[in-house]
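All ligand and atom numbering here is 1-based and tracks the order in the structure. In this text, all values refer to a predicted model and were calculated from it rather than measured experimentally.
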Amino acid sequence: MRTSVKRRGQGGLPFVFLNAAITADGKLAPATRHFMAFAGQRDRQHLFELRATADAVMSGARTVDLSPVTLGTGGVQYRHARLREGLQERHVRIIVSGTGSIDPDAKIFKDRSSPIIVLTSGRAPAARLRKLRRLADDVKVCGKKGLNFAMALRWLRRKWQVKRLLCEGGGEVNGGLLEAGLVDEIHLTIAPVVFGGRKAPTLADGSGFGRIADALPLTLKSMERVGDELFLVFRVGE
Ligand SMILES: NC(=O)c1ccc[n+]([C@@H]2O[C@H](COP(=O)([O-])OP(=O)(O)OC[C@H]3O[C@@H](n4cnc5c(N)ncnc54)[C@H](OP(=O)(O)O)[C@@H]3O)[C@@H](O)[C@H]2O)c1
């Protein structure tokens, strides 16, 4: 059955937008999952411009573990842009980890410039929860057996005033949000390279939709070519 798409502000949810660079074969990274900056300079700038419009930026535990990401603002010019738009100078940073398996030595924890929030579930053992509570500024358990994204997003809006949430992957987090019908917009950079590999992460991994009738319809909002890269924006829904 098709999941209904919850729009901006409905039911106390934030507006959720995904941003990813993908290869021409739809991969986020090679099968090793090691971090690889395969898109160009414009893509990097685009990432910081999008972050500058968000109250929170979110990534999955494996992205945070395997990449040198801090999910930061990108510099003073972006912080000034945020202030001009009436946003907080820095967005909050969110890590999704249903079992609490995040590496405590991940680079993001070395940067304390804005709050770090962990969204987890009842599948995280008590010892891991205790460790996470020492590591992060806030830890929220949403759902007993798995992470309930709708519950988590409502809580983020209520407690942390997150009205615009930018999700930067990886494939499993994107898939979970898309399958829950919580994504409003998708920003894609298609880079002119092929990684291949059936085990390489793709834009949306999770369980997926089994039938075309259940697949999420998208509407192309804009398209720009920069060199050999394409920048696409899709609205979720017809
Ligand atoms: N090209 C790009 O734009 C881009 C962007 C981001 C990432 N990447 C790449 O993507 C790869 C990582 O993607 P990935 O799919 O392997 O991992 P991921 O989505 O970053 O993280 C997966 C982890 O997040 C937690 N998680 C995700 N969905 C969940 C759900 N529905 N419920 C509960 N927990 C959930 C789980 O943590 P626990 O195991 O702790 O439960 C899971 O193991 C890396 O290679 C990274 O470099 C590329």
Problem - Contact partition for A61 relative to ligand 1, non-hydrogen atoms under 4.0 Å - result: both
Problem - Electrostatic pair D137-R112, nearest N-O below 4.0 angstrom - result: yes
Problem - Within reach of ligand 1, part of S97 (heavy-atom separation under 4.0 Å) - result: both
Handout entry: Protein heavy atom at shortest distance from atom 35 (C) of ligand 1
Key = V96 CG1, 3.7 Å
Practice task
Please check if any side-chain donor atom of S59 sits under 3.5 Å from a side-chain acceptor atom of R93, or the reverse.
Solution key: no
Handout entry: Close N or O approach (D205, ligand 1; < 3.5 Å)
Key = no
Exercise for the section: Check if A21 has a non-hydrogen atom at a distance under 4.0 Å from any atom of ligand 1. Expected result: yes
Handout entry: Sub-4.0 Å atoms of ligand 1 with respect to non-hydrogen atoms of G100
Key = 40 (O)
Practice task
Could you check which of L28, N148, I22 puts a non-hydrogen atom nearest to atom 4 (C) of ligand 1?
Solution key: L28
Exercise for the section: Pick whichever of V173, T99, T120 has a heavy atom sitting closest to atom 27 (C) of ligand 1. Expected result: V173
Exercise for the section: Using a strict 4.0 Å cut-off to heavy atoms of L147, name the atoms of ligand 1 that fall inside it. Expected result: 32 (N), 33 (C)
Fill in the blank from the handout: Closest to atom 31 (N) of ligand 1 among protein heavy atoms sits F149 CE1, 3.3 Å
Exercise for the section: Go through ligand 1 atom by atom and flag the ones less than 4.0 Å from a non-hydrogen atom of A20. Expected result: 3 (O)
Fill in the blank from the handout: Of R123, E168, E172, R33, the one whose closest heavy atom lies nearest atom 6 (C) of ligand 1 is E168
Exercise for the section: Go through ligand 1 atom by atom and flag the ones less than 4.0 Å from a non-hydrogen atom of S101. Expected result: 38 (P), 39 (O), 40 (O)
